[in-house]
Amino acid sequence: MLDRRRFLSGTATTFAAALTLRGSLLAQLEKAPPLPDHSLLDKNEDAYWAEMRKQFLIPEDEIYLNNGTVGSSPVPVIRAIFDGYAATEKMDQHDPEDYPIWGYASWNEFRDPLADFVGCHHDEIALLRNATEANSYIANGLDMKPGDEVLMTDQEHPGGEHPWNLRAKRYGIVVKRVTLPRPVKDAAQVLNLFNDAITPRTRVLFFSHITTFSGVVLPAKELAALARTKGILSAVDGAHVPGMMRLNVLDLGCDMYSSSPHKWLMAPKGSGFLYVRDEVIDRLWNTIATEGWNDTKIRAERFQRIGSSNVPALWGLRASIKLANDIGLDRIESRHRKLADYTLDEMKKRGAESWTSPDAALRCAIVTVNVPPIPRMDLENWLWKNHKIRIRGAEPNKLRLSTPYYLLKKEIDRFLEKFDAYKREKKMA
Ligand SMILES: Cc1ncc(COP(=O)(O)O)c(C=O)c1O
């Protein structure tokens, strides 16, 4: 049993640690410089992005090449979260029935900027907590009979694939997969693979807009059109897309779209959304149910009836959209492409086999390379423990390098230098 003195001294230590953290975090937020002016970008591109780097809490001596798993929320986003707490935690809302609890209301002040950002109306979008949640809504919510098929790729994330696997095991639907080439050479390759795998039982095409495995940007518009011509629903897992490249779900023409803006939009962790095309909303059942689940008048809002959750995260999400708009998505996307292309070229010079598409339209800010015989986990640990460089990979020899806009060229160069050093040390050079 915990004795009282130990408990109290433990509590005091935790409290002191919290104060220190609070002090240092607030100090960091306060000392962060203003956002750089766009005129600097025209004069000196590197200087502009170096200024932007200062908006991120990632220490100067750390290199973060794994934005693909989760982004780092910059100062304006963290400030907005704090503002959200300050505004809501006093419990002094004008209306005595109004509480900051997310899952019982429309929250259009947050849905509107998000809907504008991704190209739809707020009635077609539900604020959720991540792509896994949104994908689960899709897989659980459509009427399908045993034997009906969903067709996906072999590069889906577990948070995209497993909701369907669960339904297959429990209710007898069938999951089919096309195998994507490594690398995918062009859009036609992907379209032919899907077209050839569609059967009379196919009910849904489900695919990542950008896959977690290779970072390939799949031809989502063409795949959605293919599905439409065959009377099949299209559901796109766009976890990586908002904030990495321009997105317009209406223009894509898909029926459903899920995402995790805590990746490339740098929104707070626990930011997700589900888009459902207006004509499809009434065909999707809720997975989580509370009051409103059956109210078709509220359109996609019924999918965000998830019970109590963290409203200040929505303040952060709105700030992350504002930041991306302030920088300009075209500037962000072009920066992403430049950094990724540079990284890919340098890795190829080092003999890496590229699993990144040679077609510029099918790649953006994720580079994947295969580097046998380097054991990726050993390299990952070695880079982090010795040099504070974070990368991600997959067994046995694949590396995935994410190049967010705040990454500096000198940081990529440092990674490359240490990659070479690893090979020398392990006698693989
Ligand atoms: C394509 C894809 N879908 C879904 C997910 C799961 O995202 P989350 O953990 O935010 O739900 C990821 C995460 O890496 C992903 O890459």
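Both counts, for ligands and for their atoms, begin at 1 and track the order of listing. Since the model is a prediction, treat every value here as computed from it, not as a measurement.
Between W293 and W285, the angle of the ring planes stays under 30°, which puts this pair in the parallel group of the 30/60° scheme.
Under a cutoff of 6.0 Å and an axis angle of 45°, R390 and W384 form a cation-pi pair.
Contact between T69 and ligand 1 is absent, with no heavy atom of the residue lying under 4.0 Å from the ligand. At least one heavy atom of S208 lies less than 4.0 angstrom from ligand 1. Under a 4.0 angstrom heavy-atom cut-off, E156 registers as lying outside contact with ligand 1. In this structure, G159 has no heavy atom closer than 4.0 Å to ligand 1.
A donor-acceptor pair under 3.5 Å is formed between the side chain of T199 and the backbone N or O of R201.
Among protein heavy atoms, atom 3 (N) of ligand 1 sits closest to D237 OD2, 2.6 Å.
Considering backbone and side-chain atoms alike, E133 places every N or O at 3.5 Å or more from each N or O of ligand 1. On a distance-only criterion, K263 and ligand 1 share at least one N/O pair closer than 3.5 Å. Checking only distances, H240 does come within under 3.5 Å of ligand 1, N or O to N or O.
Looking only at atom types and distance, the side chain of S214 has a donor-acceptor partner in the side chain of Q155 under 3.5 Å away.
The heavy atom nearest to atom 8 (P) of ligand 1, out of those in G238, G215, A134, S260, is found in S260.
Atom CD of Q55 is separated from atom CE of M266 by 12.5 Å, given to the nearest 0.5 angstrom.
Results of the side chain to side chain contact (heavy atoms under 4.5 Å, CB included) test with Y257 over V241, L274, V276 single out V241 as the only residue that passes.
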